[in-house]
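It should be emphasised that the depicted structure is a prediction, and the values quoted were computed from it without experimental measurement. What you see below is based on every heavy atom in this structure, not just the backbone, and it leaves out hydrogens, waters and symmetry mates.
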Amino acid sequence: MSAANGHTPLRETPRLKGLTTWDADWAGLRVVVAGIGASGFSAADTLVELGAVVVVVDAGATEENEAKADTLRIVGARDVLLGAEHAAALPLVDGDLPDLVVTSPGWRPTQPLLADAARAGVPIWGDVELAWRVRIREGRPTAEWLTITGTNGKTTTVGLTESMLLAGGKRAVAAGNVGTPILDVIRDPQGYDFLAVELSSFQLHWAHSVSPLASVCLNVAEDHVDWHGSYEAYLAAKASVYERTRIACVYNVEQRETEAMVEEADVVEGCRAVGFTTGMPSVSMMGVVEDLLVDRAFIEQRKDSAAELASISELGEVVPRHLVANALAAAALVRAAGLPPAAVRDGIRAFRPGDHRIQVVANEDGVLWINDSKATNPHAASASLASFSSVVWIAGGLSKGVSYDDLVRDHARRLRAVVLLGEDPAPLQGALARHAPDVPVSLHPGARTGDGHDGGPDPATGDALMQWAVDEAARLARDGDTVLMAPAAASMDQFSSYAHRGAAFMAAVGARGGQAPTAKES
């Protein structure tokens, strides 16, 4: 790691450089806010309160957006422009170029409005960058930030971190890419001691000056290449979580890429590198000894001893390896923040994983039914598959341009059968044909066949499709199998969200009376 005292992004104007507290001179700053979703609305509302001149743009002229626009106009936004034509170019603010664009994380750098801003030399921030700039406010406590990113496991790790902080008696909350928009948290009148901040690669791309107390990249795998333009650009965005970290950069010992990110990061003088591993830890690492989570990083006698933190069994009924890793990463963050081992243990005991993450739905007649709808990419699905020995796999959906070859090759031996979802199952179907040709594959009659021709009637609605998938999995499963719904793909081709997909799975299993009839071994 190399030391740095922080830096400002290129093309930042002298005025913007001075905007580092809530009480700085924001009045009259001309700002375009791109997007009127949760983060965009929160950014616009905050900027209006700060006294900026705000124009909000969103391509969607929906009824919901019109209602939000009315609210923003009432509180003082200069204008709200809805419709695709307004998102096609950078608008003027009071007849001049804006001083700043604040973008919602989902907007790509190539989006025309943002591309216009870049060409014109107008700085672009995300809502996380704005939140960092206004976090210091006279008369209120300033929270320390613990930042978490990774291809998978972010939300679970943020939740564990929040739970440990609360167990340690701190006023803390999860924010960012999960839960409450971060600017709403910043404006809380009571303030917080700590924020556990989940950061997507999109948010990191638009954050330039965040300097957290401790940070972690849990893991990396190919994802969101369509947004970033290349895997290298995606990795660079993830690596930026470590920039300007002050106390501890936490990395995954079992994934060399994250350690390399730490080695290359510009950090504040004195920052430490702390590893986590699901194996035996070396000095300056968190790890596992027998069935215990232990700390060899934040104790004085770390050269020849370890501090017990918690038992693995306290993490839940089904404890896959990646959940152990997430708990260790969270433990490293809160230990860096000075919390005692008891806070880690009590936080794990109090934590309740969110729905759709290795969620046990039923365990009847020798078959375990697991909902992992949150596994929206191959890396997440691989972690799920690795947790079980004989699987009827419900998979497929919107592939986001990733390859499934490694996933199928690595886990072919575990597959009893595969039930495919998705309007276009061809990417996953092809990988199965190449690397698991003997595994039975069930394809909905309404899906495309991979040769570009329609294989039958239009696909069923998501709920009906999931009922078919569950019934088909029940027919294929045998005593001792796990029916695992870990799609390795996004959901938006047939469902409104991964949560809708997971709820449909749970409802379909429940519709069978909570029991899944299984085929018998012959």
Side-chain angles (χ1 to χ4, degrees), residues 1-3 144-150 153-154 156-158 160-165 167-168 170 172 194 196-197 211-219 239 241-265 267-312 314-315 321-348 351:
M1 296 186 291
S2 55
E144 292 284 7
W145 287 27
L146 306 176
T147 54
I148 297 107
T149 196
K154 295 185 295 296
T156 298
T157 305
V158 167
L160 280 162
T161 302
E162 177 191 49
S163 186
M164 292 173 190
L165 290 166
K170 305 299 182 182
F194 290 94
V197 185
S211 182
L213 183 145
S215 57
V216 64
C217 181
L218 299 166
N219 47 62
V241 74
Y242 293 120
E243 297 296 311
R244 299 167 297 277
T245 300
R246 296 175 3 250
I247 300 298
C249 291
V250 180
Y251 67 92
N252 185 344
V253 175
E254 295 161 25
Q255 190 163 29
R256 169 60 189 157
E257 293 94 326
T258 64
E259 186 175 11
M261 290 175 180
V262 174
E263 291 170 352
E264 296 296 321
V267 300
V268 174
E269 188 72 42
C271 183
R272 297 176 55 193
V274 175
F276 66 91
T277 173
T278 56
M280 187 82 70
S282 298
V283 175
S284 212
M285 294 181 186
M286 321 293 282
V288 176
V289 176
E290 296 180 351
D291 64 344
L292 299 175
L293 308 184
V294 301
D295 172 1
R296 289 194 69 189
F298 298 99
I299 59 172
E300 290 185 9
Q301 298 81 25
R302 54 183 173 269
K303 288 187 178 180
D304 52 19
S305 63
E308 177 182 333
L309 299 173
S311 168
I312 288 176
E314 291 176 300
L315 282 165
R321 183 177 176 181
H322 62 275
L323 179 56
V324 175
N326 293 341
L328 289 165
L333 293 173
V334 302
R335 294 286 281 147
L339 271 70
V344 175
R345 179 200 64 214
D346 294 345
I348 286 174
F351 177 67

Q: Side chain of R335, backbone of A332: donor and acceptor closer than 3.5 Å?
A: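 No, R335 side chain to A332 backbone: no donor-acceptor pair under 3.5 Å.
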
Q: In Å and rounded to the nearest 0.5 Å, what is the CG to CE distance from L146 to M164?
A: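 Atom-to-atom, L146:CG and M164:CE are 11.5 Å apart.
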
Q: Drop me the distance from E257's CD to N252's CG, to the nearest 0.5 angstrom.
A: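 If we round to the nearest 0.5 Å, E257:CD and N252:CG are 9.0 Å apart.
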
Q: Considering all heavy atoms of both residues, which atom of Y242 and which atom of A265 are nearest to each other, and what is their separation?
A: CB-CB, 3.6 Å

Q: Taking side chain as C-beta onward, heavy atoms only, is S211 less than 4.5 Å from V268?
A: yes

Q: Once rounded to the nearest 0.5 Å, what's the spacing between atom OG1 of T245 and atom CZ of R272?
A: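 Between atom OG1 of T245 and atom CZ of R272 there are 13.5 Å.
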
Q: If you measure from OH on Y251 to CZ on F276, what distance do you get to the nearest 0.5 Å?
A: 10.0 Å

Q: Determine yes or no for a side-chain-to-main-chain donor-acceptor pair under 3.5 angstrom, with R296 supplying the side chain and R302 the backbone.
A: yes

Q: To check you understand the geometry: which heavy-atom pair defines the closest contact between A214 and L333, and what is its length?
A: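 Here A214 and L333 meet closest at CB-CD2, 3.8 Å.
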
Q: Rounded to the nearest 0.5 Å, what separates atom SG in C249 from atom CZ in R244?
A: 11.0 Å

Q: Can you confirm whether V334 sits close enough to T161 that some side-chain heavy atom of one is under 4.5 Å from a side-chain heavy atom of the other?
A: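 Heavy-atom side-chain distance check passes, below 4.5 Å.
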
Q: Do the non-hydrogen side-chain atoms of I312 and L293 ever get within less than 4.5 Å of each other?
A: yes

Q: Using every non-hydrogen atom in the two residues, find where V289 and P281 come nearest and quote the distance to one decimal.
A: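 Residues V289 and P281, closest heavy atoms: CG2-CD, 4.1 Å.
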
Q: Dump the intermediate steps for salt bridge (Lys or Arg N to Asp or Glu O under 4.0 Å) on E144 and K170, then the final yes or no.
A: CA-CA 11 Å; E144 292 284 7; K170 305 299 182 182; over 6 Å; no

Q: Which one of T277, V253, V288 satisfies the side chain to side chain contact (heavy atoms under 4.5 Å, CB included) criterion with L328?
A: V288

Q: For a 4.5 angstrom cut-off between non-hydrogen side-chain atoms, does P341 reach D295?
A: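 Sidechains of D295 and P341: no contact.
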
Q: State, to 0.1 Å, how close F194 and L213 come at their nearest heavy-atom pair, and which atoms those are.
A: CE2-CD1, 4.5 Å

Q: Taking atom CD1 of I148 and atom SG of C217, what is their separation to the nearest 0.5 Å?
A: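 Those atoms lie 11.5 Å apart.
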
